[in-house]
Number of protein chains: 2
Amino acid sequence: MARKTGSHSEITGPKIKQSALELFARYGFAAVTMRQIAARVGVQAGAIYNYTPDKQALLFDLLHGNMADLLTRWGEEQVPSNPVAALDHFVAFHLDFHIQRPQLVFISYMELRNLTEENFKAIEEKRSRYEKIVYDMILKGVRSGDFQVPDAKITSFALLATLTGVVNWFREDGRLSSEELTRQYCALARQTLGVNALA
Amino acid sequence: MARKTGSHSEITGPKIKQSALELFARYGFAAVTMRQIAARVGVQAGAIYNYTPDKQALLFDLLHGNMADLLTRWGEEQVPSNPVAALDHFVAFHLDFHIQRPQLVFISYMELRNLTEENFKAIEEKRSRYEKIVYDMILKGVRSGDFQVPDAKITSFALLATLTGVVNWFREDGRLSSEELTRQYCALARQTLGVNALA
DNA sequence: ATATTAACTGAACCAGCGTTCAGATCAATG
DNA sequence: CATTGATCTGAACGCTGGTTCAGTTAATAT
């Protein structure tokens, strides 16, 4: 037997991506086999190659799609001009985006070294674009006097590490709702950036 | 030919650990082969098994040794009783420890999922011991009124993420010396913990 | 000088890897 | 109903993986 009843490109394609994502997140890219991915889709390994040229492309598409999505969505946001409001807005955006795709976020900074040099550069370029957004936002607040930080660059790294680190422990059914989480982190971020409470 | 001139157990043993560490840090545990490690030591793959039962043990020994080292050293520290001074002390300690072993730190939270379930638990147990130290330190400062934070648990995660994230970008020959780095991060940590400047 | 042993080689084992492809099957088209 | 093309199977390919081990060598002890 070969082709199964009801098999369809529009179903198998996304299923492969999804299965690869789940397995990469759980076991790591290098430890996952094409046969494992296929089994989860309910297909033989060879069928995967109708949808992707190779395993590497499977990883790259996931990471690249994620970064592109992140930048696109931020581009669509209406960012307040007031630095403190902008900070709140960014914190909420970043947390929301990351909490909604924990696996994607996880492999996005876990599997970077399994990318081809060329593919790595493409991701890295997008990533530094995002880092620059944060840095510029902080710089603006420092210049306006709304923020007070020891070092703008270090603070930008600290803020990103803090926010992204959330995926390591946050669970939808945990102690905090995502709304509370956002509120807490906005307060924390303001404190870290030295926002004067009286402003 | 077999045994090489000048070959010695006391040399080969550490060399294997060191080579494994470097390769795991660079390419990831799953992507590194025993033959690669052996080649870097200047030995055949089979010789490695005189020093370790298997590849898994090679990884576990590195991670476990690192955590044990971390806890032991913190235990030897003389921690000030004043909460703010204790915070500064912890920041300096954590940064110093992590900057001195960037590769070990890197694999310590990159390769956790490549551990056996049993081995994972052993590491996890030590890790939460360390997290508890930070949490307790923050709680103490909050109770004494030295710290003001939105949420002690979240703040402890944020502080650890911030400090540990340093290894992702810090270079010995970069813009900042390690002394300056410590100073900046102490200031940042105080701000994050809401230390009253007038206290 | 001889015997003993720790340290290592080199070759092999088998399982599993990513990938390819001829052929089978089903859905859609006319 | 016959044909076509997209979709998938099943088996194979060459290779490499971790691990084992009989045998070789060099250092040490006698």
Side-chain angles (χ1 to χ4, degrees), chain A residues 1-24 26-62 107 111 113-116 118-119, chain B residues 1-24 26-63 107 111 113-119:
Chain A
M1 66 195 108
R3 182 173 188 176
K4 294 241 195 93
T5 306
S7 60
H8 238 321
S9 172
E10 299 95 57
I11 294 177
T12 305
K15 253 190 166 182
I16 289 173
K17 281 197 174 189
Q18 180 61 29
S19 300
L21 171 60
E22 290 166 6
L23 289 170
F24 289 168
R26 178 121 85 195
Y27 303 107
F29 174 77
V32 171
T33 73
M34 295 299 262
R35 279 171 246 262
Q36 280 177 49
I37 299 172
R40 190 171 266 245
V41 176
V43 112
Q44 292 298 314
I48 294 181
Y49 291 84
N50 289 326
Y51 301 92
T52 190
D54 50 29
K55 197 186 172 192
Q56 168 76 202
L58 222 43
L59 177 62
F60 177 70
D61 286 351
L62 287 170
I107 67 169
E111 302 299 348
R113 41 175 188 188
N114 286 307
L115 289 172
T116 297
E118 187 186 19
N119 285 343
Chain B
M1 67 195 107
R3 183 172 188 180
K4 294 238 195 97
T5 306
S7 61
H8 239 321
S9 172
E10 300 95 57
I11 294 178
T12 305
K15 253 190 167 183
I16 288 173
K17 280 197 172 189
Q18 179 61 28
S19 300
L21 171 60
E22 290 166 7
L23 289 169
F24 290 167
R26 177 121 87 197
Y27 303 107
F29 173 77
V32 171
T33 73
M34 295 301 261
R35 281 172 246 262
Q36 281 176 49
I37 299 172
R40 191 172 265 244
V41 176
V43 112
Q44 292 298 316
I48 295 182
Y49 291 85
N50 288 326
Y51 301 92
T52 191
D54 50 29
K55 197 186 171 193
Q56 168 77 201
L58 223 41
L59 176 63
F60 178 71
D61 285 351
L62 287 170
L63 299 202
I107 68 168
E111 302 298 349
R113 25 167 204 197
N114 286 307
L115 289 173
T116 297
E117 194 182 316
E118 187 187 18
N119 285 343

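All chains are named by letter (A, B, ...) in the order of the sequence lines, taking the proteins before the strands, and each is independently numbered beginning at 1.
Picking from dT19(D), dC8(C), dC8(D) the nucleotide with the shortest atom distance to the side chain of Asn50(A) gives dC8(D). Side-chain atoms of Tyr51(B) lie closest to dC8(C) of the nucleotides dC8(C), dT20(C), dT19(D). The side chain of Ala47(A) sits closest to dT9(D) out of dC8(C), dT9(D), dT19(C).
At least one donor-acceptor pair under 3.5 Å links the side chain of Gln56(B) to the backbone N or O of Thr116(B).
Atom CZ of Arg113(B) has more than 12 neighbouring heavy atoms from other residues, nucleotides or ligands inside a 6.0 Å radius.
In this structure, CG on Leu59(B) lies 6.0 Å from CD1 on Ile107(B), to the nearest 0.5 angstrom. For the atom pair CZ of Arg26(A) and CD of Gln36(A), the computed distance is 10.5 Å after rounding to the nearest 0.5 Å.
Residue contacts shown for Val32(A) are limited to sugar-phosphate atoms, with no base heavy atom under 4.0 Å away.
Put simply, CE on Met34(A) is 16 Å from C1' on dT9(D), counting in whole angstrom units. Distance Ile48(B) CD1 to dC21(D) P: 17 Å, rounded to the nearest Å. In this structure, the NZ atom of Lys15(B) is 15 Å from the P atom of dA7(C), given to the nearest Å. The interatomic distance linking Ile16(A) (CD1) with dT7(D) (C1') rounds to 11 Å, in whole Å. When rounded to the nearest whole Å, the span between CD of Gln36(B) and C1' of dG18(D) equals 13 Å. If you take CG of Leu23(A) and P of dC17(C), they are 12 Å apart, rounded to a whole angstrom. The nearest whole Å value for the distance from the OH atom in Tyr49(A) to the P atom in dA22(C) is 17 Å. Rounded to whole angstrom, the span from the CD atom of Gln44(B) across to the P atom of dA22(D) amounts to 18 Å.
Counting all heavy atoms, side chain and backbone alike, Ala30(A) lies closest to Ala30(B) at CB-CB, 3.7 Å. Listed here is the closest heavy atom pair of Tyr27(B) and Ala31(B): O-CB, 3.3 Å. Taking every heavy atom of both residues into account, Phe29(A) and Asn114(A) meet most closely at CD2-CB, 3.5 Å.
Partners of Glu117(B) by salt bridge (charged side-chain N to carboxylate O under 4.0 Å, His left out), not counting sequence neighbours, listed by chain and number: Lys121(B).
Every pair tested for salt bridge (charged side-chain N to carboxylate O under 4.0 Å, His left out) that includes a residue from residues 44-60 of chain A fails, sequence neighbours excluded, so the list is empty.
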For side chain to side chain contact (heavy atoms under 4.5 Å, CB included), just list the numbers for Ile37(A) and Leu58(A), CA-CA rounded to whole Å, side-chain angles, deciding distance to a tenth of an Å, and then say yes or no. CA-CA 11 Å; Ile37(A) 299 172; Leu58(A) 222 43; 3.9 Å; yes
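At a threshold of 4.5 Å between non-hydrogen side-chain atoms, the residues Thr52(A) and Ile48(A) count as touching.
Residues from residues 52-63 of chain B that place a heavy atom under 4.0 Å from any atom of DNA chain D, listed by number: Asp54(B), Lys55(B).
Regarding contacts with the backbone of dA7(C), every side-chain N or O of Thr12(B) stays at 4.0 angstrom or more from both OP1 and OP2.
Computed from C1' positions of five pairs at each end, the angle between the two local axes of the helix from dA1(C)-dT30(D) to dG30(C)-dC1(D) equals 0°, rounded to 10 degrees.
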Pick out the pairs of N or O atoms, protein on one side and nucleotides 11-16 of chain D on the other, that lie under 3.5 Å.
none

Which donor-acceptor pairs under 3.5 Å do the side chains of residues 16-24 of chain B make with protein atoms, sequence neighbours left out?
residue	atom	partner	partner atom	Å
Gln18(B)	NE2	Glu22(B)	OE2	2.7
Ser19(B)	OG	Lys15(B)	O	2.8
Glu22(B)	OE1	Arg40(B)	NH1	2.3

